Every structure is written in C-alpha cells, then in structure tokens.
Amino acid sequence: MKKIFRSFYYRYLRPGKKQQARGESKEKQKLSSNLHANLAMVRETLGNSNDVVIRHVKTGIDKAEAFLLYIDGMVDNSFVAENIIKPLIYGKHISGQELSVFLADRMLQIIRESILTAGEVKDYSDLDLVLQRVLSGDTALFVAGMDKAYVISTRGFETRGINEPDTESVVRGPREGFTEVLRINTSLLRRKIKSPDLRFEQLTVGKQTKTEICIAYVKGICNEKIVEEVRRRLAQIDTDAILESGYIEAFIEDAPFSPFSTVGNTEKPDIAAAKMLEGRVAVIVDGTPVVLTVPHLFIEAFQSSEDYYSRPYYVTLVRWFRYLAFFLTVYLPSLYIAVTTFHQEMLPTPLLITMAAAREGTPFPALVEALIMGIIFELLREAGVRMPRSIGQAVSIVGALVIGEAAVSAGLIGAPMVIIVALTAIASFVVPPRIDAAAVLRLSFTIFAGIAGFYGLMLGTLAVGIHLVSLRSFGVPYLSPLAPLTISDLKDVVVRAPLWSMLTRPRTIWSQNRRRQGYPLKPLPPPAEEKQ
C-alpha cells in the first residue's frame, strides 16, 4: 500500500509539479530602458514604505540620470556613500563623444570597471530578482537608457557575534557556533574545510519571506544522488514563509508522523564539517543558527563532538552511559509500574515490603502516580526553559524539591515514585537530541505497562523496533549500521575506536570516496638505538 500511495503521489499530487506550473504561468517584470518607467515599477511594487530609500544621482557618464535603491537599516550607509554615491558623482567623467565609441549596452560595464569601487557587482534584467536582492540588504543602481540594473553587495545590518551554543557546550573543542547570517555560516564552514571541492548552492524558498537557503557538501565525497534528492525536496517546497530551519525540516523529512527525527541539526561548525566529510549534506537557512544535516541516523544522537577530541577508552565508557541513560528515561517508569502492579514476584521480598510500606495510604494507583509526576516534570522543565535564565534554574530546582516533598508528606504520591521520576528526569538530559522522542515513548510505554504489564511493554517495544527498522533518511536505513548490520561501521557505534584505526568513511552513508586516511597511522615509539 505504501508503494502504491507513493507512486500515485509522485505522479499526480507532487507539489513540485504544481509549483512549476505556477512559476511558468507567472510573468516576469522586465526592466525598461526608460528610467522613469523603472522608477514607477519600483514604487508600485514596494509602495510607500518609509524604509525604502531612492537616491537620485547624475553619473559622470555624459551626466546620465540614475537612481539608487536600498533599504535603510539593512545596508552599510558609509559604504554606500563612499563606494557608490561619491564615485558616481565625482568619479571619472566620460563625455557623450567619448561614450559614442562604446556600444550603448556597455555603459553598465563602464560603470563597473571605471567608476564603482565596490566588491561584488552583478547585473539583472528581471525586476523581481533585483528587488529580492535589495530586500536582502543589497543596493540596486538604475541608469537611464539601460534595461539592466546593477546590484551591489552592501549588506550591513546588525548581527549577533559568534558565541558558544548553549545547547552543545563542550569541555574540550571549538567554542564557536553558527549565527543568524547565512554568509557568516558559510565562512565558518570554509574555515574548517579549506578544500576547493567544498560546494555551496544557494536558492530562495518562501513566496513572502524569500528566505535564502544554501546546500553545502564536499564534491567527490558526498554521493550525488543524495545531493540531487536534497535539491528535489527543497525545490518542491511551496509556502509563504520559511522563518527557521525547522520549517525546512518539516518539508523534507522522510517520516513526518514519526517521533524520531530523520533530519539532523547542529549549531557547531565543527560538527557540521565532520558530518560533511563523512558524506552528508548540510542545509543552511538564513536567519537561524541551526544547520540541518542529512542523512541522519539514530546513533548520531549518542555521539558528541568531544568524543573525537578525547581518549577513546573514556569516550567509550561515556557512550555506554548515554545508551543506559536513554534506556532509563524511556523504560524506568514503565518498568516500575509493571513490577509493582502485575509482577511483584520479580522483586526481592525485603524490597517489596519497603516499597509497599512507602506507598501505604496513597490514594492513586501507580499508573496515575506516574502520569501525574510525569506531567509535573514536563511543566517544570518547560517553565525552566521559557523563563529568564537566572530565574528558570531556581524555578525548576525549587519547584521540584517543594512539590516532591509536599506530595510525599501529604500522602498523595509515594516516595519511590518521586525517586523514579527524578532518575528519569536526570537521564533525559544526558541525550538532549532525543528528549522529544523519549518523552513520547515514555508516556506510551507507561500506559502500556499500566494496562498489561510486561506484555504491554513488550508489544510496545516490538512496535517501536519495527517502526525504527522501516525508517529511512534520504534512502539510508535509520538504524544502520545496526540494522542492516555493517560490521566495519561499528567502530564508531558500540565503541569509539582510535582515530588512526578509522581508515574508511561509514559505508552506510554511500560516500563516493570511502577512504578517509592513509595506512598505517598507528603511533609507534622510535626504534631503540643499536648497542655499539
């Protein structure tokens, strides 16, 4: 049935076809050689917004009339004055007799080569493209007699500095993170990967926001089929607004109804660069510091950038703790409910008597206790995140202590349940990328365990396992290299092997160039000097 639906979807309901049809039917506004006509089109399109600046000038080319178009607050005003307006007015003068030597359509070339001192200058004949660049912070130059406009890069709006991301802090490693400016983010990746094979492909998505999106990959390493699939999914997006990378993730992910994300995200350039060097594709969205990476695998949530900057033995132990923490945050409440409600014989008698004494007098069954405490924990966590940072930590900590102590003292909740919920909360923060999926699974397994004990828990686990095995991320199995099993890729899953032993890139990513480094690279002591 899934194959039939996909075949019908791509043949008849594919959004890309509708978008392409609408794009073909829309007539483009071409610039005219009449300066006043161009000015009228600009005013009609942009209206009377007070931040739109139209500066009339007379150029040094036979005193030809021209006007500059830019958005106040989005350009560097000093740059516009010194590198555009001043050269146009006081720069090299060319008389009409001298101009007759050149072809009329070379006037813009004369301006670029002899007058303007700006860096990036491009010409466009489509008004929509010109206005799109102007609304992004560039300046457009319209000259009388020319049916093209020059767009000069003058972006100078206020930006946030490069700081360490709060969500991905490390003890050892780079402290820099992505910002909200697209070009700064591409430069951060370029600093990490100084290779001519690093490619950036830019496109615009969003009919109203006109958000700039950049596809980044390393040619020769990344599989071209994955790059083409990313292009196709981005091209079929037909929406008014793209305000954050989460919008893009919602439109390009493989399983929109799954609690597990099939698109990775990061705020650190070193993580994005490392994933690209393994054969993944990065999607950078202007206006957000979160960069998407595809394909995304389940095991990536248990890997940290710091794992590759530290010694492998300790990192392997920490990685096992992460797996254990994810297991506890998902299964601990449901295991407690199943044991105390249906399978008391599995507990030692002294422990069972202690737990029964602690729960004596509580009015609610274990399932209701777990649901109440789970809801309270989620409320406290949300309050701690949304409140100001200085107040949020105090609210979450004090609230947990006060509510937990008061609930136990009043006899509403048993003390063992408070301990279980506290351990679950602590374990959930060990693997931040899986907090959302863990919350959904924890609630589901808690209900299953309260209804049928271990049998319900087993059925829920089987359903989740089947779902995970069926997931794909841009054609790559979500559980790889565990299912299907790829033994050569386990060196960075169960353990973190030494860097000198990771000779090849992951086979599951379908990289074109699998060899990562030379052989042998194992450090060896210098040979002992021969005795004379």
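Computed from a predicted structure; not experimentally measured.
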Exercise for review: Would you give the length of the straight line joining atom CG of Asp123 to atom CG of Leu129, rounded to the nearest 0.5 angstrom?
Suggested key: 11.5 Å

Check your understanding: Does the side chain of Arg183 pick up a donor-acceptor pair with the side chain of Gln202 at under 3.5 Å?
Key -> yes

Practice item. Using only heavy-atom distances, determine whether the side chains of Ser261 and Glu249 contain a donor-acceptor pair under 3.5 Å. Key: yes

Review point. Under 3.5 Å, is there a donor-acceptor pair between the side chain of Arg472 and the main chain of Tyr478?
Key: no

Point to revise | Distance in Å, Ser195 OG paired with Met276 CE, rounded so as to fall on 0.5 Å steps | key: 10.0 Å

Check your understanding: Ion pair present between Glu278 and Arg514, side-chain N to carboxylate O less than 4.0 angstrom?
Key -> no

Practice item. Using distance alone, with no hydrogens and no angle criterion, decide if Arg442 and Thr329 have a side-chain donor and acceptor under 3.5 Å apart. Key: yes

Review point. Parallel, tilted or perpendicular: which fits the ring planes of Phe326 and Phe298, with parallel below 30° and perpendicular above 60°?
Key: perpendicular

Practice item. State, without any angle test, whether Asp270 and Tyr309 hold a side-chain donor-acceptor pair at a distance under 3.5 Å. Key: yes

**Study point:** Donor-acceptor under 3.5 Å (Arg505 side chain, Asn513 main chain)
**Key:** yes

Review point. Does Glu120 come within less than 4.0 Å of Arg133, counting only side-chain N to carboxylate O?
Key: yes

Exercise for review: Without swapping roles, check the side chain of Ser501 against the backbone of Ala497 for a donor-acceptor pair under 3.5 Å.
Suggested key: no

Exercise for review: Sequence neighbours left out, what pairs pass salt bridge (charged side-chain N to carboxylate O under 4.0 Å, His left out) with at least one residue falling in residues 291-300?
Suggested key: Lys275-Glu300, Arg280-Glu300

**Study point:** Residue pair Thr211 / Tyr247, side-chain donor-acceptor N/O under 3.5 Å
**Key:** no

Check your understanding: Is the side chain of Arg175 donor-acceptor paired with the backbone N or O of Gly173 at a distance under 3.5 Å, no angle test?
Key -> yes

Review point. Does Phe251 offer a backbone N or O that forms a donor-acceptor pair with the side chain of Arg233 under 3.5 Å?
Key: no

Point to revise | Test side-chain hydrogen bond (donor to acceptor under 3.5 Å, both in side chains) applied to Tyr150 and Thr139, step by step | key: CA-CA 8 Å; Tyr150 259 149; Thr139 299; over 6 Å; no

Check your understanding: Mind checking whether Val291 and Ser245 have side chains closer than 4.5 Å, heavy atoms only?
Key -> no

**Study point:** Cationic N near anionic O, under 4.0 Å, Asp240 to Lys210
**Key:** no

Cut-off 3.5 Å, no hydrogens considered: what does the side-chain donor-acceptor table look like for residues 488-495, sequence neighbours left out?
unit_1: Asp489; atom_1: OD1; unit_2: Arg507; atom_2: N; d: 3.2
unit_1: Asp489; atom_1: OD2; unit_2: Arg507; atom_2: N; d: 2.9
unit_1: Asp489; atom_1: OD2; unit_2: Thr508; atom_2: N; d: 3.3
unit_1: Lys491; atom_1: NZ; unit_2: Ser488; atom_2: O; d: 2.6
unit_1: Asp492; atom_1: OD1; unit_2: Tyr308; atom_2: OH; d: 3.2
unit_1: Asp492; atom_1: OD1; unit_2: Arg319; atom_2: NH1; d: 3.0
unit_1: Asp492; atom_1: OD2; unit_2: Tyr308; atom_2: OH; d: 2.6

Study note, to complete from the structure: Hits for salt bridge (Lys or Arg N to Asp or Glu O under 4.0 Å) against Glu228, two or more places apart or cross-chain, chain-then-number order -> Arg231

Practice item. Enter the distance from Asn265:CG to His296:NE2 here, rounded to the nearest 0.5 Å. Key: 7.5 Å

Check your understanding: Around Leu462, counting heavy atoms of other residues, nucleotides and ligands shown, do more than 12 lie under 6.0 Å from its CG?
Key -> yes

Exercise for review: Look at the side chain of Gln517 and the backbone N and O of Met502, then say whether any donor-acceptor pair between them is shorter than 3.5 Å.
Suggested key: yes

Check your understanding: Do the side-chain N and O atoms of Glu267 and Thr167 include a donor-acceptor pair separated by under 3.5 angstrom?
Key -> yes

Review point. Donor-acceptor pair, Asn185 side chain versus Thr179 backbone, under 3.5 Å?
Key: yes

Review point. Between OG1 of Thr293 and CD1 of Ile284, what distance do you get to the nearest 0.5 Å?
Key: 11.0 Å

Review point. Looking only at atom types and distance, does a side-chain atom of Thr288 sit under 3.5 Å from a main-chain N or O of Val285, one as donor and one as acceptor?
Key: no

Review point. Taking atom NZ of Lys219 as the centre, does the number of heavy atoms from other residues, nucleotides or ligands within less than 6.0 Å exceed 12?
Key: no

Exercise for review: Mind running side-chain contact (heavy atoms from CB on, under 4.5 Å) on Leu69 and Leu46 for me, showing each step along the way?
Suggested key: CA-CA 11 Å; Leu69 174 66; Leu46 296 180; 4.1 Å; yes

Practice item. Check the side chains of Ser258 and His467 for a donor-acceptor pair under 3.5 angstrom, ignoring hydrogens and angles. Key: yes

**Study point:** Any donor-acceptor N/O pair, Arg155 side chain to Val75 backbone, under 3.5 Å
**Key:** no

Practice item. Answer yes or no: is there a side-chain heavy-atom contact under 4.5 Å between Leu277 and Val218? Key: yes

Point to revise | Value rounded to 0.5 Å, distance of CG in Leu328 from OG1 in Thr424 | key: 7.5 Å

**Study point:** Intermediate values then yes/no, side-chain contact (heavy atoms from CB on, under 4.5 Å), Asn77 and Asp72
**Key:** CA-CA 8 Å; Asn77 290 321; Asp72 188 21; 4.0 Å; yes

Review point. Without hydrogens or angle criteria, can the side chains of Thr204 and Gln132 be said to hold a donor-acceptor pair below 3.5 Å?
Key: yes

Point to revise | CZ/Phe429: more than 12 non-hydrogen atoms of other groups inside 6.0 Å | key: yes

Exercise for review: Rounded to the nearest 0.5 Å, what's the gap from OG on Ser480 to CD1 on Ile509? Could you check?
Suggested key: 6.5 Å

Check your understanding: Under the 3.5 angstrom rule, does the side chain of Asn83 hit a backbone N or O of Val80 as a donor-acceptor pair?
Key -> no

Check your understanding: Charged N to carboxylate O under 4.0 angstrom, Glu176 versus Lys192?
Key -> yes

Exercise for review: Answer whether the closest heavy-atom distance between the side chains of Val330 and Phe445 falls below 4.5 Å.
Suggested key: yes

